[in-house]
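Working notes, beginning with the structure itself.
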Amino acid sequence: MEPAVQRLEPQRSRLHAPDPGRRVETRPRYSLAVDEFALKVLAWYRRHGRHDLPWQVPDPYVRWLAEVMLQQTTVTAVIPYFQRFLAAFPSVRALAQASQDEVLAQWAGLGYYARARHLHAAARVITEHYGDGFPRTADAWAALPGVGPSTAAAIVAFAFGVPAPILDANVRRVLSRYHAVSGRDARALRTLWTHARDHTPTHEVAAYTQAIMDLGALVCRKAPDCAACPVAAGCAFEGEDAPTVRRARPERAVFMAVIRDPARGVLLVRRPSHGIWGGLWSLPESVELDDLPAVVAALGVDGRMGMACAPVHHTFTHFRLTITPILVEGVSQAFGVAEHHDVMWYKGDGSGPGMPAPIRRLLNQFLEVP
DNA sequence: GTCCTGATAC
DNA sequence: GTATCAGGAC
């Protein structure tokens with residue numbers, strides 16, 4: 001049997017989100033060994049949860065990589081990238097020794113490229129400060145770039161069995177419904193972190209962590225399947241979430257130069273490391289069409305602006321982008337193109353460098369019919 | 001507020 | 001085709 005008192009000391013996390021000083025609960029904190037909620041969720045998980053995900057191994061590097069890829073990204077989208085990435089960089093040391101270009105090339109298409117840059121930077125910190133080991137606490141993980149409170153907790157729970165509450169999107173949806181916590185403000189978030197910590201058991205932490213995430217992903221979805229839910233009996237959800245307000249996305253537009261050389265392919269430029277598509281390879285661009293000739297000339301290309309092609313639309317979280325490709329005509333061998341580390345020719349063969357998904361699609365169209 | 005993309009729904 | 005949806009860190 002479980003001990004009657006599970007935690008004599010609060011699992012005081014120094015992650016900033018949970019705040020023991022601002023508790024909203026009135027019931028005793030440590031009255032149950034494992035609360036009923038956790039027991040039911042665990043029982044459900046054994047029969048209905050996901051047990052065969054490719055990162056479900058007790059390896060800190062694997063768990064860290066998976067958790068970072070799973071930030072803002074669904075399981076099905078992550079799986080192929082995870083497998084390719086792990087094959088390319090099988091260890092934290094291999095990752096640390098790779099160039100940023102190699103890392104971004106493997107990440108390209110998955111989005112939120114700051115995750116890849118942070119992962120790479122953190123790999124170098126880990127090999128330098130931990131040798132062949134890894135951080136062992138959630139706080140130490142959260143100190144690394146790209147690892148926040150929830151990711152840090154998931155890593156130590158999965159890799160080391162350390163009891164640490166998580167509050168990712170799935171858990172937040174489950175707990176906000178179960179405990180009727182509406183809103184996304186700091187106060188609501190603090191309340192949810194408190195609930196998350198109160199439900200987190202000290203035993204079977206890895207299983208519970210996966211269980212509560214699976215419950216959110218498989219049952220407590222936006223349109224929940226309450227009939228299949230193991231904790232429906234105690235749940236405060238009444239069939240409707242609080243409405244979310246979303247503001248309209250502003251429109252942005254750019255023109256991009258498609259500079260083709262029969263022998264060398266299409267000219268790409270490396271984007272600045274911050275901002276949209278940071279560090280990826282893209283086409284030379286300008287906001288005003290009138291400015292594009294100067295951008296092209298600055299690269300040492302002597303062509304003239306030719307036909308405008310069909311615009312490509314791409315929607316980001318906070319704005320909508322229209323890309324109008326402009327063919328550059330009469331490129332005479334492009335002898336003057338400066339050969340340096342921010343400019344390259346791309347032939348369109350195979351994988352290529354790290355490019356934003358819409359740029360890759362756009363170029364595939366151009367390179368299909370030379 | 002700033003960072004993405006593929007899937008699915010209209 | 002356009003809109004919505006799914007996913008945390010800085």
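Worth knowing before you read on, the calculation uses all heavy atoms, side chains too, and leaves out hydrogens, waters and symmetry mates. On a predicted model such as this, the values are computed, not experimentally measured, just so you know. Each chain gets a letter, A, B and so on, in the order the sequences are listed, and its residues count up from 1.
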* **Sugar-phosphate only, base, or nothing, as touched by A/Arg246 at under 4.0 Å among non-hydrogen atoms** => sugar-phosphate
* Structure fact -> A/His318 atom NE2 is separated from C/dC10 atom C1', nearest whole Å, by 13 Å
* A/Met69 has an atom CE; how far is it from atom P of B/dC4, in whole Å? -> 15 Å
* Structure fact -> Whole-Å distance, A/Phe319 CZ to B/dC4 P, equals 9 Å
* Contact class for A/Arg173 (heavy atom, under 4.0 Å): base, sugar-phosphate, or nothing? -> sugar-phosphate
* Structure fact -> Residue pair A/Gln71/A/Thr74 against DNA chain C: nearer the 5' end by closest nucleotide is A/Thr74
* What does A/Leu321 touch in the nucleic acid at a heavy-atom separation under 4.0 angstrom: a base, only the sugar-phosphate, or nothing? -> nothing
* To do: Tell me what A/Arg361 touches on the nucleic acid: a base, only sugar-phosphate, or nothing, going by heavy atoms under 4.0 Å.
  => sugar-phosphate
* To do: I would like to know whether A/Arg93 and A/Asp132 meet salt bridge (charged side-chain N to carboxylate O under 4.0 Å, His left out); could you show each step before the answer?
  => CA-CA 8 Å; A/Arg93 195 163 290 279; A/Asp132 288 317; 3.0 Å; yes
* Asked: Checking all strands, does A/Val147 fall into the base, sugar-phosphate, or nothing category for heavy-atom contacts under 4.0 angstrom?
  -> sugar-phosphate
* **Separation of atom NZ in A/Lys222 from atom P in B/dT8, rounded to whole Å** => 17 Å
* **Residue whose nearest DNA chain B nucleotide is more 5′ - A/Arg247 or A/Pro358** => A/Arg247
* Give A/Ala169 one of three labels, base, sugar-phosphate or nothing, depending on what nucleic acid heavy atoms sit under 4.0 Å from its own. => sugar-phosphate
* Asked: According to the interplanar angle, ranging from 0 to 90°, do the rings of A/Phe316 and A/Trp277 count as parallel (below 30°), tilted (30 to 60°) or perpendicular (above 60°)?
  -> tilted
* **Considering all heavy atoms, the nearest A/Val92-A/Thr127 contact** => O-CG2, 4.0 Å
* Heavy atoms under 4.0 Å, any strand shown: does A/Ile276 hit a base, just sugar-phosphate, or nothing? -> sugar-phosphate
* Asked: Using a cut-off of 4.0 Å on non-hydrogen atoms, how would the nucleic acid contact of A/Thr151 be classed: base, sugar-phosphate, or nothing?
  -> sugar-phosphate
* Asked: Hey, does the Lys NZ or Arg CZ of A/Arg63 hover above the aromatic six-ring of A/Phe158, less than 6.0 Å from the centre and inside 45° of the axis?
  -> yes
